[in-house]
Amino acid sequence: MASNTNNGTKETITKQQLKERIEAKLVTRGVIDPLDATVEQLYQATVQALKDIMLEEREKFKKRIKANSGKKVCYLCMEFLVGRFLKNDAVNLGVYDDLCEIFTEYGTSFDKVYANEVDPGLGNGGLGRLAACFMDSLSACDYAANGYSLLYENGLFKQRIVDGEQVELTDEWLSSGGVWLVPRPEKSVTVRLGGKFDEKWENGELKIHNYEYDEVKAVPYDLLIPGTTTNAVNKIRLWRAKKPHASSISYTSQSSYLKRLNDVDNIESITKQLYPKDDYDEGKLLRLTQQYLLVSASLQSIISDYFAENGSLEGFQDKVAIHINDTHPALCIPELMRIFMDVYSYSWEAAWEIVVKTVSYTNHTVLPEALECWRVDLFSIKLPRIYAIVCEINRRFTADLWNLYPGDWDRISKMAIVAYNQVRMANLSIVGSHTVNGVSKLHSDILKKTIFHDFYKMTPWKFTNVTNGVVHRRWLNNSNPALASLLDELIGSEFREDASQLSKLCDFRNDAAKLLTVYEVKPEKIIKIEPGKYFIDFGKELTGYFSMEVKGNKGQEVRIMCAEETEENDPYLCRYSMRCYCLYDETCTLSGETDVFDKSKDKDYDYAGIV
């Protein structure tokens, strides 16, 4: 094993060392001979082995960052659409090729083991995919960064197609997909909801007394995100809602026992579902509760870690950058104020200066009607102390507006954080942040010219642009190795780590022929289901056209059905009815001679059915 001086060099793991780690994990599962292991056992053992490697690298990375007094990014988002981990992590750790060989020696293949992994139900769309890409890039670029979100027990939904119609089932991913999580129960924190509070001045300091509140225990679980060329390993910390402590009540009746169970169910339902329905008040309150749980638990963790490392909160804004991805985590602005003032006795002015210098905000919508707002009655009931702080932020901000625009009630009411019985989270995010960005140049320009125009005129230095994109290491290098190899030949391999090198393709703008390559892929297996009916598995997703030689009687028809998936109840039946009402179903008529058909041109597919 190569030595590591903790200068950022990634530890070298040999094939034999990796193999020994996997086999040691198999032994803990009662499997002595890896040839006897099921693919599920191999998957579980491999994940545990890779987690151990990442935890070891993370400890070295943390020491290196501490020695360099580096700044840490804290990225808060309501969702992270991370996708499956095994291939991405194996590639980033530099063990993918060895892992493929090891699985072959065990009598199986990487793809078969990889097929046991489920997609974590932690995200749904572009917002979550962007957040996951940012975390991957931060690790690859050797930045110290933690992501923060909730550990949803169920994803949005699991899709099934029945008789051509979508059926939505519960996406219970956690029972089989939680193997990548690192539980950290010792880092649990308590979050308070509802209740009442009193204000009292003592020795020149404002003291807040909270009472009649409900408590939720937020238990953290970490997902590890490895870098590529260095030993950087960051984490996404996911919070799960639990009952705060075991009850010492002696259950004297069935009703008291049932009440206890109901209380537990109500608390744990907070992190039960990604994006619960909010078309009724209880659903709205649940979403608001989710957002506050994420914010309060994450900030308590961030501040606790900083205090433990530095002995005080001095310099907090210089060493911590908190980024809110869309308005779901916007409550971190008043929650930071609450912690600084109520817990650490900062004055309003001192706390506000730290908050604004620490927080930045990414906006994701240009539609005014899509900007998140909360009704005052719901907000004040669920978060009474936070609502009081938001009102004070609003009072001070609108007073500044009045000085800038005296008598301009329309402008002031539009820019206010609290107005018309609404708490406006986008306005709060802008007022409490030092930087605001859109996700493309066009988007950022629209923000400045339309929905946030008044804010832009008031504080133009806050607004900037950060063009967002996908991680090319995953979506090019890993997902399309044939294309990546072609690019190696054309422009060199530097693009694999540095996406800006892809601009070298512009040199071929007048010589497009060099950019085109055609290659044939033969099926991995052809299964004869019955006379005249075949199922073809190509072993991977292809983009191109399906070509086939056929010989038969003149006038006879051959049906070709291509698909990315098979039907759940029949693994040899292609689901050729795809998205957007596309039908990968075509018929050819034979001439009586040998015919060559190249149907389904320029489509994506893994399977083909021939009848």
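Please read these numbers as outputs of a predicted model, since none were measured by experiment. For the numbers below, each heavy atom of this structure counts, side chains included, while hydrogens, waters and symmetry mates do not.
Applying the salt bridge (Lys or Arg N to Asp or Glu O under 4.0 Å) test between Asp222 and each of Arg237, Arg240, Lys187, Arg58 identifies Arg237 as the sole match. Tyr275 pairs with exactly one of Arg287, Glu79, Gln290 by the side chain to side chain donor-acceptor pair (under 3.5 Å) rule, that one being Glu79. Residue Leu99 is tested with Thr104, Ile22, Leu93, Val113 for a side-chain contact (heavy atoms from CB on, under 4.5 Å); the sole match is Ile22.
Inspection of the Asn465 and His443 side chains reveals no N or O donor paired with an N or O acceptor under 3.5 Å. Judged by distance alone, the side chains of Asn210 and Asp342 never bring a donor and an acceptor atom under 3.5 Å apart. When only modelled atom types and interatomic distance are considered, Asp111 and Ser109 share no side-chain donor-acceptor pair under 3.5 Å. For the 3.5 Å distance criterion, the side chains of Asn234 and Ser139 qualify, holding a donor opposite an acceptor. Judged by distance alone, the side chains of Gln291 and Glu372 do bring a donor and an acceptor atom under 3.5 Å apart.
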Arg473 vs Asp136, test: salt bridge (Lys or Arg N to Asp or Glu O under 4.0 Å). Steps then yes/no. CA-CA 9 Å; Arg473 287 174 297 278; Asp136 189 291; 3.2 Å; yes
Would Glu497 and Thr228 count as a side chain to side chain donor-acceptor pair (under 3.5 Å) here? Give the steps. CA-CA 8 Å; Glu497 286 298 323; Thr228 52; 2.8 Å; yes
Run the side chain to side chain donor-acceptor pair (under 3.5 Å) check on Thr271 and Trp239 step by step: do they pass? CA-CA 8 Å; Thr271 50; Trp239 300 98; over 6 Å; no
Output, in order, the C-alpha distance, side-chain angles, deciding distance and verdict of side chain to side chain donor-acceptor pair (under 3.5 Å) for Glu353 and Tyr346. CA-CA 11 Å; Glu353 182 181 3; Tyr346 277 66; over 6 Å; no
For salt bridge (Lys or Arg N to Asp or Glu O under 4.0 Å), just list the numbers for Glu186 and Arg184, CA-CA rounded to whole Å, side-chain angles, deciding distance to a tenth of an Å, and then say yes or no. CA-CA 5 Å; Glu186 76 282 3; Arg184 299 298 305 272; 2.6 Å; yes
Could you go through the side chain to side chain donor-acceptor pair (under 3.5 Å) check for Thr362 and Asn437 one step at a time? CA-CA 5 Å; Thr362 292; Asn437 70 273; 2.9 Å; yes
Lys15 vs Glu101, test: salt bridge (Lys or Arg N to Asp or Glu O under 4.0 Å). Steps then yes/no. CA-CA 9 Å; Lys15 175 183 171 182; Glu101 293 179 10; 3.0 Å; yes
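Arg338 places a side-chain heavy atom less than 4.5 Å from the side chain of Glu335. Taking the side chain as every heavy atom from C-beta outward, Thr230 and Arg64 approach each other to under 4.5 Å.
A distance of 9.0 Å separates CE of Met425 from SG of Cys373, quoted to the nearest 0.5 Å. Atoms CG and NZ, from Leu286 and Lys382 in turn, are 8.5 Å apart once rounded to the nearest 0.5 Å.
Between Trp180 and Tyr43, the two ring planes are perpendicular [angle over 60°; tilted spans 30° to 60°].
Classification of Glu56 and Arg21 as a salt-bridged pair holds, one side-chain N sitting under 4.0 Å from a carboxylate O.
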